[in-house]
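A quick write-up on the structure given underneath.
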Amino acid sequence: MLRIILLFSCFLAIADQLRAQDFSFGILTNEDLTTEKYSLDSISDAVVLREYGRTAFQFDDSKGEITLVFTHHKRVKIFNKEGVDHANIVIPLYKDGNRKEYIEDIKAVTINLKGKTKETLLDSKKIYTENYSKYLDLTKFTMPDIQDGSIIEFSYRLVSPRLYNFKTWEFQDRIPKLYSEYEAIIPATYNYNVVLRGTLKLSEQKSSLLREGFRLPGWPIDCSRMIYIMKNVPAFIEEDHMTAASNFKSAVYFELADVYLRSGSRHSYTKEWKNVDKELLLAKELGGQMKQRDEFKRLLPDLLKQTHDELSKAKAVYHFVNRHAQFMNTVHSADLSKVVFSLKEEP
């Protein structure tokens, strides 16, 4: 009996190590209750108390396709009315024809601690999706009953068919974060280049092997499990003349390099420079133009008929090329022959 108990205890210990480190929904810690102002950023109107994200592969039996499932759980404390904007939640959903991302299992609650603790759940009828563009939808909702000192908490699952776009995790945001954790579970058949951008360093990084962590019909596949943790993250301040804030925020990015197929072959997505060079040379828009010969030879007699020496010939060619370049800046889609004809007609 003792041996059975010990074996069961070992099983629980192993399971606990493999279990996602998500935090309990709606159960506040003493730190959540006592945090008034973030010590490293006392001017912020809100702070992320805790945040957890997880992306894993999933095989959809009903559709017979592989999807990415991203889980997001976030808890924020709003200090004053200036921080109310952080109660407006916007989740982007990308789409391409019939291939669309979608949201499921949205949970959201506002907890007010003044006097008697009061919890206000989000009404599901207040969640709506906006058709923002041909390639993007926006799911939006506003947390209810926001007051000074409110703690808001929400979680959801996002299902995506875009395997190339493994979810980026931004550790930095407009407000500071006390704790941010991201878990990535990737089958051994998928190879991603992982890049950490930004100036901040990870507080902790873990990796482990999940035996048969992903399964296709009749094909169990081992997975790598990677955990990235950053603590006491300062708010990201966007500066003037900054090209794109996303290029400077501390975040972890995943770029699909190659996929190993069941047949044993490999399909590469991230190419070496020599492959890029070859594709550009074969492309009609670039390589095809570079291979053309004597394109302007027929124009030279008219172009040079009023020149008398080498210097005047060089000037005539220079001015022609200069006018051609300026004209192309404003007529990107024009046919080359029409552009040349127009230039010939210029005085």
* Derivation of the side chain to side chain contact (heavy atoms under 4.5 Å, CB included) call for Asp45 and Phe79 -> CA-CA 5 Å; Asp45 302 314; Phe79 297 127; 5.6 Å; no
* Asked: Mind checking what makes salt bridge (Lys or Arg N to Asp or Glu O under 4.0 Å) contact with Asp96, not counting sequence neighbours?
  ->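 With sequence neighbours excluded, Asp96 shows a salt bridge (Lys or Arg N to Asp or Glu O under 4.0 Å) to no residue whatsoever.
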* Structure fact -> Taken in chain and number order and not counting sequence neighbours, the residues that satisfy salt bridge (Lys or Arg N to Asp or Glu O under 4.0 Å) with Asp148 are none
Answer yes or no: is there a donor N or O on one side and an acceptor on the other, between the side chain of [X] and the main chain of [Y], under 3.5 Å?
| X | Y | value |
| --- | --- | --- |
| Glu104 | Arg157 | no |
| Glu153 | Gly26 | yes |
| Lys81 | Ile146 | no |
| Ser265 | Leu261 | no |
| Lys177 | Glu51 | no |

With sequence neighbours left out, what residues match [X] under side-chain hydrogen bond (donor to acceptor under 3.5 Å, both in side chains)?
| X | result |
| --- | --- |
| Ser24 | none |
| Ser62 | Asp60 |
| Arg162 | Asn165 |
| Lys167 | none |

At what distance, to the nearest 0.5 angstrom, does [atom1] of [X] lie from [atom2] of [Y]?
| X | Y | atom1 | atom2 | answer |
| --- | --- | --- | --- | --- |
| Tyr164 | Leu68 | OH | CG | 13.5 Å |
| Asp173 | Ser180 | CG | OG | 9.5 Å |
| Tyr192 | Leu256 | OH | CG | 4.5 Å |

* Could I get the full list of side chain to side chain contact (heavy atoms under 4.5 Å, CB included) partners for Arg266, not counting sequence neighbours? => Asp258, Tyr260, Ser268
* Return the set of residues passing side chain to side chain contact (heavy atoms under 4.5 Å, CB included) with Pro187 (not counting sequence neighbours), or none when no residue passes. =>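 Side chain to side chain contact (heavy atoms under 4.5 Å, CB included) check on Pro187 returns Phe57, Thr189, Tyr190, Phe214, Ile221, Cys223.
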* Asked: Mind checking who shares a hydrophobic cluster with Tyr318, ILVMFWY linked at side-chain heavy-atom distances under 4.5 Å?
  ->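 Listed partners: none, Tyr318 stands alone.
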* Asked: Quick one: hydrophobic cluster around Tyr94, which other residues, with the 4.5 Å side-chain cut-off, linked directly or via members?
  ->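 Members other than Tyr94 - counting any ILVMFWY side chain reachable under 4.5 Å - are Val90, Tyr132, Leu136, Leu138.
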* Do Tyr156 and Thr139 come within less than 4.5 Å of each other through their side chains, counting heavy atoms only? ->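 Result no, sub-4.5 Å side-chain heavy-atom pair not found.
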* To do: Answer whether the closest heavy-atom distance between the side chains of Pro217 and Phe59 falls below 4.5 Å.
  => yes
* State whether the number of non-hydrogen atoms from other residues, nucleotides or ligands found under 6.0 Å of Arg262 atom CZ is greater than 12. =>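 Yes, CZ of Arg262 has more than 12 neighbouring heavy atoms, counting only those of other groups under 6.0 Å.
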* **Leu216 CG: over 12 foreign heavy atoms closer than 6.0 Å** => yes
* To do: Might you work through the side chain to side chain contact (heavy atoms under 4.5 Å, CB included) test for Glu255 and Phe166, ending with a clear yes or no?
  => CA-CA 7 Å; Glu255 179 189 28; Phe166 198 91; over 6 Å; no
* **Pairing of Arg75 and Asp32 as salt bridge, 4.0 angstrom limit** =>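 Salt bridge: yes.
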* Should Arg174 and His86 be marked as a side chain to side chain contact (heavy atoms under 4.5 Å, CB included) after you check the CA-CA gap, both sets of side-chain angles, and the distance that decides it? -> CA-CA 9 Å; Arg174 293 179 297 154; His86 299 288; 3.4 Å; yes
* Taking the inter-plane angle between the rings of Trp169 and His72 on a 0 to 90° scale, is it parallel (under 30°), tilted (30 to 60°) or perpendicular (over 60°)? -> perpendicular
Let me check something: any side-chain donor-acceptor pairs from residues 107-114 under 3.5 Å, sequence neighbours excluded? List them with distances.
{"residue": "Thr110", "atom": "OG1", "partner": "Pro144", "partner atom": "O", "Å": "2.7"}
{"residue": "Asn112", "atom": "OD1", "partner": "Ser150", "partner atom": "OG", "Å": "2.3"}
{"residue": "Asn112", "atom": "ND2", "partner": "Asp145", "partner atom": "O", "Å": "3.0"}
{"residue": "Asn112", "atom": "ND2", "partner": "Asp145", "partner atom": "OD2", "Å": "3.1"}

* To do: Would you please name every residue forming a ring-ring contact (aromatic ring centres under 6.0 Å, His included) with Phe25, sequence neighbours left out?
  =>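 With sequence neighbours excluded, Phe25 shows a ring-ring contact (aromatic ring centres under 6.0 Å, His included) to His73, given in chain and number order.
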